[in-house]
Structures are given as structure tokens and as C-alpha cells.
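Reckoned from all heavy atoms, side chains included, excluding hydrogens, waters and symmetry mates. Order of the sequence lines fixes the chain letters, A, B, ..., with proteins taken first and strands second; residue numbering starts at 1 for each chain.
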Number of protein chains: 2
Amino acid sequence: MRYYDMKGFLTYLILWILSKKKMNGAEIAKELQKRRGTKPSPGTIYPVLKELKEKGLITAGKDKVYSLTRKGEKELMSACEFFCKTFYDMKEMFRCCR
Amino acid sequence: MRYYDMKGFLTYLILWILSKKKMNGAEIAKELQKRRGTKPSPGTIYPVLKELKEKGLITAGKDKVYSLTRKGEKELMSACEFFCKTFYDMKEMFRCCR
DNA sequence: ATAAATATATCGGTTGTCCGATACATACTT
DNA sequence: AAGTATGTATCGGACAACCGATATATTTAT
């Protein structure tokens, strides 16, 4: 997986969110609404969940409550490292907005 | 401009880089190489610079050394705020990789 | 049990990022 | 001044994110 492409943060944002709490699709959508200000449409979110599941990064039981797999955790970690490297001086950025 | 789309971080990364130091296209490419590990192709970087210039976010003299305009600074600030809001708990992320 | 509301899923199409290839301009060397 | 290296620019196309619309499944209410 190539982080440097960075088309769409959504996938990683979802991984990030799921790393904190198990959720179903609708709950994820709500959480995104809260964070970004806009709610992704069903046509956006469910394909992403499907893809993440097929890649083995998340799993869900019959109740459709998703959580990260071990692989998903590693993937998220890698993404974090990439972000840290790319925005190694981002701390200033965060400082500026609080 | 819609931050929540987030297709491609490149544009904002370039704004971020230019906010710290004036550079020409080649220098920007090198800096990106350093940060991301991959160097953007000319076909990637120059169209982005052109677009940013057309939007009035950056300017350059005859020497093609780019710098942020006032508008560009504001834009970057907005982007920062968006990131902070979206990843309000990202501090943990940064902690994990150092 | 039926109806209504909510959640999940799929499909087609649009858009924008990014790249590779190519062409052009400018600066540097000898 | 000619040739070489380096920087700049443009074009076409590949690919993926995202959305809107629609269909289906599941849960909740009556």
C-alpha cells in the first residue's frame, strides 16, 4: 500500500477511528460527521469498509460491528510513521490552531 | 476549497513547505523526496504549482522562486484548523512513532 | 404481523491526483 | 559559441475516492 499517494484520507481516518472503538457503518459515518463536518454518503463508506475487510484490515461479526485486525493495527502504525516522517514539523501546525 | 475531500495531500504539503522557505520547483521536489521518500515527477509538481498560482495562493518572480501570498497563508491556516479538528486526537498518533 | 425507520449494499458516473513521456527554456561548462 | 546538464512546462491517460441514486436487509414501533 502506498501512503504517499494520499488520495483520500478517508480510509486511514476510518482505521484510526476504529482503533479507538468498535463501530458499525452508521456509527462510523456519525463520527466522521463530527470530525470533518460532513457525513460521508452510504455509497462512500460501505465500499471502503468492504475494501478494508477484503484486505484483512478489519473484521466484523454478524452484527456488522467492525474492529481492527492485527494486520489493521500494523497498517495503521505504518501510516502513522509515514505521517510523522512527512510532517515531522507538524507540531507547529497543531500549535497554531488551539 | 473542500478540505474534507482530501484527495492528495500534496497540495497542502507544498503550501506547508513553502510557508517555511521560498523555493523553486526543483527544490520543492527535493524536499518532498526527503519527507515522503519519493520524488514527485515533473508532471506532478508543475501542474500543482500552476494551479496554486492561478488560485492566488503562491507567487513567483521571474526566477520561479515561489512563496506564499497572504491568501495562501490564510488557506494553509484553514487547512491546519481542519486537520486539527479531524484529528483532534492525533497527538497520540505522533507519540506512537518517536 | 405490518408498517416505518434505520442500516447496509451496489452501481454508474464524475472528478481530481498523479504519473510518464515529451518538449521547451535556462544555466553552466569548456 | 556550442554542447550539456538542469529546471520548467504541457499533454494524455490510469486509477481511485467519492457521491447520488437506488435496492435490499434489518430493526423498531404499533
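To the nearest angstrom, P of dT27(D) lies 14 Å from CD of E27(A). For the pair K50(A) NZ and dT24(D) C1', the computed distance is 15 Å after rounding to whole Å. Remark: P of dC18(C) and CD1 of I28(B) are 14 Å apart, rounded to the nearest angstrom. In this structure, the CG atom of N24(A) is 14 Å from the P atom of dT6(C), given to the nearest Å. The interatomic distance linking K55(B) (NZ) with dG16(C) (C1') rounds to 10 Å, in whole Å. Y46(A) places its OH atom 15 Å from the P atom of dA25(D), with the value rounded to the nearest Å. Taking atom OH of Y12(A) as the reference point, atom C1' of dA17(D) lies 13 Å away to the nearest angstrom. Put simply, CG on L49(A) is 8 Å from P on dA9(C), counting in whole angstrom units.
Criterion: ILVMFWY side-chain heavy atoms under 4.5 Å apart, direct or through other members. Under it, L52(A) and V65(A) are not part of a common hydrophobic cluster.
Every residue two or more places apart in sequence or in another chain that forms a salt bridge (charged side-chain N to carboxylate O under 4.0 Å, His left out) with K34(A) is listed here: E31(A). Partners of S41(B) by side-chain contact (heavy atoms from CB on, under 4.5 Å), not counting sequence neighbours, listed by chain and number: T44(B). With sequence neighbours left out, S19(B) forms a side-chain contact (heavy atoms from CB on, under 4.5 Å) with W16(B), L68(B), L76(B).
Residue pairs meeting the salt bridge (Lys or Arg N to Asp or Glu O under 4.0 Å) criterion with at least one member in residues 9-24 of chain B, sequence neighbours excluded: D89(A)-K20(B), E92(A)-K20(B).
Between the T69(A) side chain and the G56(A) main chain, a donor and an acceptor come within less than 3.5 Å of each other.
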Give me the distances for all protein-to-nucleotides 21-27 of chain C N/O pairs that come in under 3.5 Å?
none

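Look at E81(A) and K85(A) and you find no salt bridge, because none of the NZ, NE, NH1 or NH2 atoms lies under 4.0 Å from a carboxylate O.
None of T11(B), N24(B), I28(B) except one satisfies the side-chain contact (heavy atoms from CB on, under 4.5 Å) rule with L49(B); the exception is I28(B).
A perpendicular orientation is assigned to the rings of F87(B) and F9(A), their planes being inclined by more than 60° (bins at 30° and 60°).
Closest to the T44(B) side chain, of the nucleotides dT10(C), dA9(D), dC18(C), is dC18(C).
Taking five base pairs at each end of the helix from dA1(C)-dT30(D) to dT30(C)-dA1(D), the local helix axes there meet at an angle of 30°, rounded to 10°.
Of the two residues near DNA chain D, K39(A) and Y66(B), the one whose nearest nucleotide lies more 5' is Y66(B).
OP1 or OP2 of dA9(D) lies within a sub-4.0 Å distance of a side-chain N or O belonging to K64(B).
P40(A) comes within 4.0 angstrom of sugar-phosphate atoms only, judged by non-hydrogen atoms across all strands, and of no base.
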